[in-house]
There are 2 protein chains.
Amino acid sequence: MNTYTIKEMREKFDIPSSTLRYYEEIGLFPEVMRTETNQRIYTDEHIDRLHAINCFKRTGLPMAKMHDFFEYAENLPCHIDDIIDMMEDHEKDIICQMEKMQQDLDHIQQKVRYYNKIKTAMEQGTPWPCFEDC
Amino acid sequence: MNTYTIKEMREKFDIPSSTLRYYEEIGLFPEVMRTETNQRIYTDEHIDRLHAINCFKRTGLPMAKMHDFFEYAENLPCHIDDIIDMMEDHEKDIICQMEKMQQDLDHIQQKVRYYNKIKTAMEQGTPWPCFEDC
DNA sequence: TCTTGACTTCAAGTATACTTGAAGTGTTAG
DNA sequence: CTAACACTTCAAGTATACTTGAAGTCAAGA
């Protein structure tokens with residue numbers, strides 16, 4: 001099993017050490033071992049956990065729910081239905097977010113086209129397009 | 001031009017009135033007119049603005065940048081390049097978010113499959129699958 | 001050995017985006 | 001006409017997710 005210092009962790013994930021200590025403090029991390037001089041030693045388990053946290057974070061799962069998730073995962077026999085429900089709900093939520101995100105992207109691209117047309121019109125002195133033209 | 005009370009606005013967008021007042025306070029809204037008794041009157045311009053704010057918000061554009069955007073849009077001849085840059089950057093950012101979101105969705109779907117396999121194994125008393133099986 | 005820098009704890013501070021409360025004015029149904 | 005409720009302002013409070021600072025310990029090179 002590989003081990004990592006806090007420096008290696010922060011460099012691997014490009015996050016401040018304070019964030020790693022914070023995640024530990026709020027109980028998002030499995031127990032972190034220490035050297036004889038009290039410095040943190042992380043393992044591959046922490047690497048996996050941090051990947052999961054980042055995935056959940058990017059997809060908008062609040063930390064309180066991540067906390068529940070990791071608790072369920074540590075006691076699967078009692079919480080198999082809870083964890084499945086949570087993940088299926090989150091899956092639906094992400095799909096919903098992606099659909100909205102696609103629509104929002106369409107709107108932004110429409111704006112890009114519109115303002116580029118205006119720029120062209122400004123440079124050539126032709127009349128301004130209206131927004132509906134896009 | 002249609003007009004709307006604060007009640008109509010909050011029902012149309014399903015947001016609290018306080019949010020509408022807040023957006024106005026921080027300058028995200030065009031001037032809001034009042035009745036003789038000082039109550040706010042919104043117009044279609046505010047409807048459009050609120051749609052834009054929601055689109056920007058969902059795609060992670062901070063309010064400070066929305067503020068700049070609306071300022072640029074009100075003075076296009078000076079800021080046509082700024083507004084195009086901002087929208088093209090935001091477009092790239094959204095595309096990047098969508099790619100990550102798709103990967104994150106894959107991970108979540110993998111978890112859903114994995115925990116469902118475990119549930120089946122639990123019910124049938126067969127050995128637990130390992131995570132790599134998914 | 002000294003000094004520079006990294007680590008530690010713990011408490012307090014910050015950023016973003018609102019939300020709530022108090023105190024007052026206006027509006028409407030019975 | 002009064003009760004109940006919606007609106008107003010302004011200041012202060014809240015939630016989430018960290019970040020920073022102070023004070024101290026530890027480590028490694030000149």
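We use all heavy atoms of the structure for the numbers below, so side chains are in, but hydrogens, waters and symmetry mates are not. Each chain gets a letter, A, B and so on, in the order the sequences are listed, and its residues count up from 1. Just so we're clear, the structure is a prediction, and the values are computed from it rather than from any experiment.
For A/Glu25 and A/Arg40, the salt-bridge test fails: no basic side-chain N is under 4.0 Å from an acidic carboxylate O.
Rounding to whole angstrom units, CE of residue B/Met9 and P of D/dC7 are separated by 13 Å. Rounded to whole angstrom, the span from the CD atom of B/Glu24 across to the C1' atom of C/dA17 amounts to 17 Å. Atom P of nucleotide D/dA17 and atom CG of A/Leu28 are separated by 9 Å, given to the nearest angstrom. With rounding to whole Å, B/Tyr42 atom OH is found 7 Å from D/dT8 atom P. Note: CZ (B/Arg10) to C1' (C/dT19) measures 15 Å, nearest angstrom. Between B/Ile53 atom CD1 and C/dA17 atom P the separation is 11 Å, expressed in whole Å.
Residue B/Ser18 places its side chain closer to C/dT19 than to any other of D/dT19, C/dT8, C/dT19. The side chain of A/Gln39 sits closest to C/dC7 out of C/dC7, D/dT8, C/dT9. Checking C/dA17, D/dA17, C/dT9 against the side-chain heavy atoms of A/Arg34 singles out C/dT9 as nearest. In this structure, the nucleotide among C/dC7, C/dT19, D/dT19 sitting nearest to the side chain of B/Pro16 is C/dT19. If you check C/dA17, D/dT19, C/dT8 against the side chain of B/Tyr22, the one that comes closest is C/dA17.
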- Query: Is there a side-chain contact (heavy atoms from CB on, under 4.5 Å) between B/Phe70 and B/Leu28 once you walk through the steps?
  - Reply: CA-CA 7 Å; B/Phe70 295 127; B/Leu28 279 189; 4.0 Å; yes
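Taking side-chain N and O atoms only, A/Thr19 has a distance below 4.0 Å to OP1 or OP2 of D/dT19. OP1 or OP2 of C/dC18 sits under 4.0 Å from a side-chain N or O of B/Lys57. Between C/dT8 and A/Arg21, a contact under 4.0 Å exists linking OP1 or OP2 to a side-chain N or O. Side-chain nitrogen and oxygen atoms of A/Thr5 include none within less than 4.0 Å of the OP1 or OP2 phosphate oxygen of C/dC7. Between A/Thr37 and the phosphate of D/dA27, there is a side-chain N or O to OP1/OP2 separation shorter than 4.0 Å. Put simply, B/Tyr23 has no side-chain N or O that comes within less than 4.0 Å of OP1 or OP2 on C/dA17.
Looking at which nucleotide of DNA chain C each of B/Thr35 and B/Leu61 is closest to, the 5′-most match is held by B/Leu61. Between B/Glu25 and B/Glu8, the one whose closest nucleotide on DNA chain D sits nearer the 5' end is B/Glu8.
A/Ile26 comes within 4.0 angstrom of no nucleic acid atom, judged by non-hydrogen atoms across all strands. Across all strands, A/Arg40 comes closer than 4.0 Å only to sugar-phosphate atoms, never to a base (heavy-atom distances).
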